[in-house]
Amino acid sequence: MTSILIVEDHELLGEILARYLQDKGQMDVLAVLPTAEEALNRLDGLAVDALLVDVSLPGMSGIELVARLQQQHSAIPCLMLSAHADKQYVNRARDAGARGYVIKGDPRLILRGLKHVLNGDGFFEATG
Amino acid sequence: MADEQAHPRGTPWNALPPHDVPPIIGIAAATGGGSALADFFKGLAPATGFAFVIADTSAGKEGTLSALLEDETPLPVHQINGATDLAADHIYLIPAGHTLELRQGRLRPVGLTDAPRKQRPLDELLYAVAAGQRTPIAVVLAGNAGAADGMAGASAVRERGGLLLVEAPRAGDNGSLSSTMIAAGLADLVLPARELGARLQATVSAQGDTPEQGAEGAPPSSEGAAEADEQAVPPHAPTPIQAAASAAAEADAAGGGDDRGRIAALEAEAARLRERLEAATARYEQATAELQRTNDQLQSTNDDYRAALERFATLFHANPIAVALTRAADGLLVDLNDAAVDLFGYSRDQIIGRKTLDIAGWFPAAKRRESLARLREEGILRDVEMEIVTASNETRVALVTAVLTEMAETPMIISCFVDVTARVAAEREIHRLASELTLSEQAERRRLANILHDDLQQRLYAIQMQLHMLQDDLSGEDPRSAEQMRDVLDRLDETNLMARHLTVDLSPPVLEGEGLTEAVQWLVTQMDERAGLSVALDADDSYQVSNHDLRVLLFQCIRELLTNVLQHAHIDHAEVRLRGDGDRLHIVVADGGAGFDPTGPGKTQEGLGLGGMKRRLGLFGGKLVVDSAPGHGTRVTIEVPLSPASPEATRAR
């Protein structure tokens with residue numbers, strides 16, 4: 001079973017996401033962490049196949065977290081999750097090393113994105 | 001004898017020894033008088049004791065008269081060439097063209113007279129006789145004298161109380177000298193020439209004024225000569241004209257010895273002098289009147305000046321605006337009015353006579369020097385805001401208007417101070433409140449944006465996901481429910497999009513921790529994607545806006561200006577340029593659209609939000625300039641310090 005780590009500071013949204021991925025995606029959500037710093041701390045002790053990371057996080061941003069992970073755990077693919085559809089954000093996420101970028105809201109799109117990045121493909125779908 | 005007594009030329013006149021002085025008879029025989037002379041001497045007794053002096057009017061025929069006389073009389077005849085002591089019973093001929101001087105019986109040709117046609121030999125002889133002895137005796141014989149020569153001399157003889165014997169005019173003798181003299185009443189005795197000679201001695205004796213001469217045949221005594229000498233007047237002046245200069249002095253000394261000619265000349269001179277005096281008097285009176293008028297004008301000007309000074313003094317002291325008078329050269333305080341005393345808090349005694357730079361806090365020296373330089377250049381300084389420090393060390397703000405002027409030829413400065421401390425404080429308070437409002441507004445927008453983004457939007461996303469899960473569960477069941485679910489999800493999509501835009505509009509997330517260039521780049525993209533406005537961005541990396549509030553403000557200004565282009569310029573493209581210039585940032589937002597009249601009603605600019613932008617930029621020491629005209633697009637330039645003092649500090653300045 002695929003192991004997923006969610007980094008999302010909004011508790012309700014994180015919980016729904018986790019439920020959706022587990023129910024509909026047949027994935028193992030190891031944890032929903034509210035900050036990038038916590039994710040960095042916990043990552044060493046977890047066997048994670050992919051990360052779902054919110055761009056806007058309190059403290060260290062999601063993009064910065066991805067950049068750090070590329071230095072420490074370059075093999076773990078990351079899918080960025082954001083409320084911002086701007087190209088700038090998308091590009092910066094890509095530059096930081098993210099494999100994909102999706103707008104929050106449609107869980108099917110998120111699941112599709114995760115599958116793509118797990119498969120080693122890029123997935124950048126940000127409009128609106 | 002006469003020759004023996006004739007002294008060589010050049011002998012000093014006053015060095016000569018005295019000699020016996022005979023009574024001297026001057027004989028004026030006019031031209032053509034040779035026969036009359038002959039007749040006179042024929043009638044004369046052999047030894048009269050008189051010395052005879054004859055004016056030779058033979059005009060250049062020297063010797064003619066001398067020869068004639070030598071034939072007619074036994075008396076020795078001498079031609080006088082130099083100073084000669086006259087001897088009794090001798091005849092002396094004097095040359096024409098000389099003035100004569102007779103003194104102590106010595107006859108001396110003095111100097112040459114004027115040109116021949118102006119010569120008056122008879123007058124010269126008679127003047128000399130009249131002046132040379134106490135009782136002058138003269139004989140005038142017939143003949144024609146030129147230009148009444150002899151008349152003035154005859155008058156002089158008579159005025160000196162002398163005897164004038166005149167030959168009776170001969171038949172056909174009209175206008176002769178003798179007839180003129182007789183007509184003028186000058187003659188004492190009128191007889192034919194021969195009888196004059198015969199009666200000369202008796203007539204002189206009858207006069208009784210010369211006792212020695214009165215003694216028949218007796219030579220005149222030296223005593224009489226001495227007496228005559230005592231009466232002798234100083235030698236008369238060479239000519240009547242020359243005499244005019246010393247006439248008064250001579251008249252005094254000679255006791256009335258002047259002759260009529262000289263009197264006439266003097267009178268003419270006097271008349272001329274009177275005329276000159278009258279002319280000078282008229283000029284003097286005219287000048288005096290002119291002077292009086294000038295003086296009156298001066299007085300009037302002076303009165304006006306005094307009145308103006310008084311008005312100035314009244315205005316100066318009663319003026320409710322503080323006024324100080326200083327000397328331009330060194331800033332010496334000459335005077336200040338009551339309002340200035342109140343404003344500065346110094347008494348007059350404390351500061352008048354001191355230099356303003358020496359008065360603690362009068363003005364900041366640097367500001368004063370700068371203002372003075374401008375004042376000297378432009379002559380006037382208007383409404384310059386300056387801080388002043390009063391005697392009680394209180395800082396006040398004054399609007400200073402200064403004028404460079406001149407008083408009593410000294411450059412002076414009149415400075416007026418309007419105390420605007422309260423107004424400036426109120427303005428600063430308004431600025432502070434406006435700044436607070438701006439910052440509060442920004443903080444509130446950020447707070448709302450955070451609520452929207454961090455919670456509300458996330459909740460919407462959560463609901464959206466839950467609905468999607470529900471939709472999956474409902475699939476294959478009631479198609480109507482599935483349709484409704486799709487509608488709900490579509491509306492939720494729209495709501496999410498609106499929330500996202502609202503969040504961005506309230507506080508662009510890009511501003512958080514990003515540079516201004518990136519934020520503007522984002523904005524440009526947004527404008528293009530969301531509104532179809534193509535914006536050309538030209539920005540360099542030579543600046544960094546580290547102040548977050550300023551960064552937000554500049555971003556908002558650019559966004560507002562681009563929104564104006566979008567809404568009012570009726571054009572689909574614009575340009576934005578950002579340039580660093582050391583410590584300042586220059587931003588230009590320009591379009592080639594509709595434009596507007598920036599000098600139009602204030603509402604236009606306020607409507608475009610430009611007034612608010614100016615005020616907010618002013619809080620950071622920045623400024624905004626609008627350049628626009630209807631039909632010619634709009635170009636807005638913003639200039640702001642890159643490291644401004646905080647708005648609080650800006651307000652305090």
Side-chain angles (χ1 to χ4, degrees), chain A residues 6-26 29 32 34-36 52 54-64 80-93 95 102-114 125-128, chain B residues 449-473 475 486 488-515 517-530 537:
Chain A
I6 298 173
V7 186
E8 165 61 61
D9 62 321
H10 196 272
E11 194 180 341
L12 174 64
L13 186 62
E15 186 190 319
I16 301 288
L17 261 175
R19 198 191 310 162
Y20 185 83
L21 293 179
Q22 282 169 339
D23 292 355
K24 303 290 179 185
Q26 313 300 318
V29 177
V32 179
T35 66
L52 188 58
D54 187 5
V55 166
S56 298
L57 291 169
M60 186 188 296
S61 75
I63 291 174
E64 198 175 341
M80 303 302 297
L81 200 57
S82 176
H84 307 304
D86 315 326
K87 283 179 185 168
Q88 275 181 297
Y89 278 87
V90 178
N91 293 337
R92 284 160 64 190
D95 293 345
V102 290
I103 296 297
K104 290 177 177 175
D106 187 346
R108 288 168 297 188
L109 195 64
I110 296 168
L111 190 57
R112 233 170 72 215
L114 265 178
E125 292 283 335
T127 54
Chain B
N450 287 341
I451 291 173
L452 261 177
H453 173 268
D454 295 346
D455 193 22
L456 200 59
Q457 265 185 285
Q458 309 306 321
R459 284 176 187 275
L460 285 173
Y461 291 141
I463 292 167
Q464 194 177 14
M465 277 195 266
Q466 281 182 308
L467 284 174
H468 273 292
M469 282 191 276
L470 190 59
Q471 189 184 35
D472 287 347
D473 293 343
S475 64
R486 274 196 299 278
V488 171
L489 280 170
D490 285 347
R491 286 191 188 124
L492 193 57
D493 256 345
E494 289 167 11
T495 309
N496 267 333
L497 190 61
M498 281 175 65
R500 279 215 306 273
H501 287 170
L502 186 58
T503 305
V504 168
D505 288 344
L506 281 172
S507 180
V510 74
L511 284 171
E512 304 301 324
E514 301 292 339
T517 310
E518 288 77 8
V520 176
Q521 181 64 61
W522 174 85
L523 177 66
V524 164
T525 307
Q526 289 287 301
M527 283 288 170
D528 188 18
E529 290 179 353
R530 287 171 53 187
L537 175 64

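Lettering of chains follows the sequences in order, A, B, ..., and the numbering in each one begins at 1.
We find the CD1-NE2 distance between I110(A) and H468(B) to be 9.0 Å, quoted to the nearest 0.5 Å. Note: D493(B) CG to I103(A) CD1 = 11.0 Å, rounded to the nearest 0.5 Å. Going from atom CZ of R19(A) over to atom CE of M469(B) covers 5.0 Å, rounded to the nearest 0.5 Å. Rounded to the nearest 0.5 Å, atoms CG (L12(A)) and CZ (R459(B)) are 6.0 Å apart. Taking OG of S82(A) as the reference point, atom CZ of R500(B) lies at 8.0 Å (rounded to 0.5 Å). With values rounded to the nearest 0.5 angstrom, L13(A) atom CG is found 12.0 Å from D454(B) atom CG.
E8(A) touches chain B through its side chain: at least one heavy atom from C-beta onward sits under 4.5 Å away, while N, CA, C and O do not. With a threshold of 4.5 angstrom between heavy atoms, Q521(B) approaches chain A through its backbone and through its side chain.
For E11(A), the CD atom sits in a loose shell: 12 or fewer heavy atoms of surrounding residues, nucleotides or ligands are nearer than 6.0 Å. Applying the 6.0 Å contact sphere to CZ of R491(B) captures no more than 12 heavy atoms from other residues, nucleotides or ligands.
Considering all non-hydrogen atoms of both residues, M465(B) and G105(A) come closest at CG-O, 3.5 Å.
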Any chance you could lay out the side-chain contact (heavy atoms from CB on, under 4.5 Å) test for Q471(B) and R108(A), step after step, and finish with the verdict?
CA-CA 11 Å; Q471(B) 189 184 35; R108(A) 288 168 297 188; 3.5 Å; yes
Show your reasoning for whether side-chain hydrogen bond (donor to acceptor under 3.5 Å, both in side chains) applies to Q458(B) and K104(A).
CA-CA 8 Å; Q458(B) 309 306 321; K104(A) 290 177 177 175; 2.5 Å; yes
